[in-house]
**Q** 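I am attaching a structure below and will ask some questions about it afterwards.
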Number of protein chains: 2
Amino acid sequence: MALAFQGVLADRRTWSLDTCSIGLSMEAVGTRSSMLILREAFYGTTRFDDFARRTKLTDAIVAARLKELTKLGLFTKELYQELGKRRRSEYLLTEKGRDLVPVVFALMQWGDKHLQGEGGGPLRLVERSTGEPVKVSLRTASGEALDLEDVAIVTNGPRPLSPSDS
Amino acid sequence: MALAFQGVLADRRTWSLDTCSIGLSMEAVGTRSSMLILREAFYGTTRFDDFARRTKLTDAIVAARLKELTKLGLFTKELYQELGKRRRSEYLLTEKGRDLVPVVFALMQWGDKHLQGEGGGPLRLVERSTGEPVKVSLRTASGEALDLEDVAIVTNGPRPLSPSDS
DNA sequence: CTTCTGACTATACCAGCCGAGAGCCAGGCA
DNA sequence: TGCCTGGCTCTCGGCTGGTATAGTCAGAAG
């Protein structure tokens, strides 16, 4: 029914987390607009007004969000100029930005299954050459699929945990 | 650099999405408090004040969030009574709630890598029996790992897309 | 010279997230 | 009888996310 705790974590009353990565991630990129902008970037969008038009967000918030995500290091802002054209800016994903692929497509997968009507959402992810369906899931390095019950949580190195408040 | 579009999607100027699952999912569960409460539920928490104490959220918002998530069908609220004890309520995850496992742990994985200091976050996920590390990733059903470049997006059945605004 | 476009900025405004702090009610226990 | 606990609710207030609307500025095109 839930995952397992190993080692000093076994008694859950004796510890708590002060800085959980889930909370930090949500504070950094946990808005609808950030996720939609990242979706567009994964689709290949790089320019300001393409982000705005294709996400249907307003200019103001796209500007604010791109500035914020760039500051956080998810995008780099580059200026480029085609021959005989004016200078433009483009926003390119960094590794830090691309590493959110599992988050964004896991959200899409959940929405497709549980929020859209019969038959799921409008789009599907497939393997490029074979057409095989693609899913976001918990896996070992070798690719074995895991249920929550197969997973355990352990402390990462000697890093101390804060004692529980209780 | 980005994923591929197949079929009618190939020309991205000709289509846009009115109801993207990513946006719908973020509207439903896209808050820090929801994700922290779900984390706790995956850890096995079922009772109101355990949620409140262990997430370090206030009572008010835990109450509001549990009510909302229950209404959405991610939890069921059950009353139970141990012998000689008073009646209590417990919040049990449904399949819809458990299906958010990839989202929550993908957020954790990203935060561990990019927001925590050297050496990552305080906790790690491992395979229960072998201790092998566990990751959230894009995979085919057979377990093959995929980069963004290996993935294509296709339309899901005959469902029509709204024409682009432009 | 005017117009158009890309990439923004400015202002105003509403709704929701979240915390702090207090209070409430029922059941069991001393 | 009074206290304690579990599971809440209420109010207040700040900050942020989001929309709408308008304006700015530079550089090409006509």
Side-chain angles (χ1 to χ4, degrees), chain A residues 13 18 20 22-38 40-41 45-72 75-92 165-166, chain B residues 13 18 20 22-38 40-41 45-72 75-92 165-166:
Chain A
R13 286 165 308 176
D18 37 355
C20 156
I22 298 163
L24 293 179
S25 294
M26 284 303 290
E27 277 171 25
V29 297
T31 61
R32 178 171 150 273
S33 53
S34 290
M35 294 297 176
L36 293 178
I37 285 171
L38 284 162
E40 271 311 303
T45 298
T46 60
R47 280 174 31 199
F48 180 86
D49 66 330
D50 284 336
F51 281 114
R53 193 177 56 256
R54 300 175 54 77
T55 58
K56 294 177 179 161
L57 296 165
T58 58
D59 288 2
I61 140 133
V62 171
R65 215 51 76 224
L66 281 175
K67 186 171 291 185
E68 184 184 311
L69 294 175
T70 302
K71 194 171 180 185
L72 279 171
F75 287 98
T76 55
K77 181 180 179 178
E78 312 283 346
L79 297 176
Y80 75 100
Q81 188 155 22
E82 294 170 16
L83 269 163
K85 295 235 175 175
R86 40 182 308 201
R87 220 167 48 158
R88 288 180 173 172
S89 26
E90 61 178 353
Y91 294 87
L92 302 176
D165 306 343
S166 56
Chain B
R13 287 166 308 176
D18 37 355
C20 155
I22 298 163
L24 293 180
S25 294
M26 285 303 289
E27 277 171 25
V29 297
T31 61
R32 179 172 149 273
S33 53
S34 289
M35 293 297 175
L36 293 179
I37 285 172
L38 284 163
E40 272 311 303
T45 298
T46 60
R47 280 175 30 199
F48 179 86
D49 66 330
D50 284 337
F51 281 114
R53 193 176 56 255
R54 300 175 54 79
T55 57
K56 292 176 179 163
L57 296 164
T58 58
D59 289 1
I61 143 133
V62 172
R65 216 51 76 224
L66 281 176
K67 186 171 292 188
E68 185 183 311
L69 294 175
T70 301
K71 194 169 178 185
L72 280 171
F75 287 99
T76 54
K77 181 178 179 179
E78 311 284 345
L79 297 177
Y80 73 101
Q81 188 157 19
E82 295 169 17
L83 268 165
K85 296 232 174 177
R86 39 185 306 203
R87 224 167 44 159
R88 288 178 172 173
S89 26
E90 62 179 354
Y91 293 88
L92 301 177
D165 306 343
S166 57

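Sequence lines set the chain letters: A, B, ... in the order given, protein chains first and strands last, and positions in each chain run from 1. Excluded from the calculations below are hydrogen atoms, water molecules and symmetry mates; all remaining heavy atoms, backbone and side chain alike, are included. Small disclaimer: the values here were computed from a predicted structure and weren't measured.
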**Q** Whole angstroms only, please: what is the CZ-C1' distance between F51(A) and dG6(C)?
**A** 14 Å

**Q** Regarding E68(B) and R65(B), does a basic nitrogen lie under 4.0 Å from an acidic carboxylate oxygen?
**A** yes

**Q** Looking at dG7(D), dT9(C), dC18(C), which one has an atom nearest to any side-chain atom of D49(B)?
**A** dG7(D)

**Q** May I have the distance from E78(A) (atom CD) to dA7(C) (atom P), rounded to whole angstrom?
**A** 14 Å

**Q** Does dT9(D) have OP1 or OP2 sitting under 4.0 Å from an N or O in the side chain of K67(B)?
**A** yes

**Q** CE of M26(B) versus C1' of dC17(C): gap in Å, rounded?
**A** 13 Å

**Q** Looking only at the side chain of R47(B) (C-beta and beyond, no hydrogens), which of the listed nucleotides dC8(D), dT9(C), dG7(D) gets closest?
**A** dG7(D)

**Q** Nearest to the side chain of A63(A), heavy atoms from C-beta on, is which of dG18(D), dG7(D), dT9(C)?
**A** dT9(C)

**Q** CD of E90(B) versus P of dC8(D): gap in Å, rounded?
**A** 12 Å

**Q** Quick one: do S25(B) and E27(B) satisfy side chain to side chain donor-acceptor pair (under 3.5 Å)? Show the steps, please.
**A** CA-CA 5 Å; S25(B) 294; E27(B) 277 171 25; over 6 Å; no

**Q** If each of S89(A) and A60(A) is mapped to the nucleotide of DNA chain C with the nearest heavy atom, which maps nearer the 5' terminus, i.e. the 5' end?
**A** S89(A)

**Q** Please tell me which of the listed nucleotides, dG18(D), dC18(C), dC8(C), lies nearest to the side chain of R65(A)?
**A** dG18(D)

**Q** Would one find a side-chain N or O of K56(B) under 4.0 angstrom from OP1 or OP2 of dA20(C)?
**A** no

**Q** Can you tell me how far C1' of dC8(D) sits from CD of E68(B), to the nearest Å?
**A** 17 Å

**Q** Using whole Å, report how far CG of L57(B) lies from P of dG7(D).
**A** 16 Å

**Q** For dG17(D), does OP1 or OP2 lie under 4.0 Å from any side-chain N or O of S33(A)?
**A** no

**Q** Counting side-chain heavy atoms from C-beta on, which of dC8(C), dC10(D), dC18(C) comes nearest to D59(A)?
**A** dC8(C)

**Q** Is R47(B) salt-bridged to E90(B), cutoff N-O under 4.0 Å?
**A** no

**Q** Mind checking the CG-CZ spacing from D59(B) to F48(B)? Nearest 0.5 Å is all I need.
**A** 4.5 Å

**Q** Check the distance between dG6(D)'s P and D50(B)'s CG and give it to me in whole angstrom.
**A** 9 Å

**Q** Between atom CD in E27(B) and atom C1' in dG16(C), what is the gap in whole Å?
**A** 12 Å

**Q** Roughly how far, to the nearest 0.5 Å, is CG of L36(A) from CZ of F51(A)?
**A** 11.5 Å

**Q** For Y91(B), answer base if it contacts any base atom (sugar-phosphate contacts may also be present), sugar-phosphate if it contacts only those atoms, and nothing otherwise; contact means non-hydrogen atoms under 4.0 Å.
**A** sugar-phosphate

**Q** So what does R32(B) touch, heavy atoms closer than 4.0 Å: a base, only the sugar-phosphate, or nothing?
**A** sugar-phosphate

**Q** For T31(A) and R87(A), take the nucleotide of DNA chain D holding the closest heavy atom to each; which residue's nucleotide lies nearer the 5' end?
**A** T31(A)

**Q** Under the 3.5 angstrom rule, does the side chain of T70(A) hit a backbone N or O of L66(A) as a donor-acceptor pair?
**A** yes

**Q** Among dG7(D), dC8(C), dA20(C), which nucleotide sits nearest the side chain of T58(B)?
**A** dA20(C)

**Q** Checking contacts here: which listed nucleotide (dG19(C), dA7(C), dG17(D)) is nearest the side-chain heavy atoms of I61(B)?
**A** dG19(C)

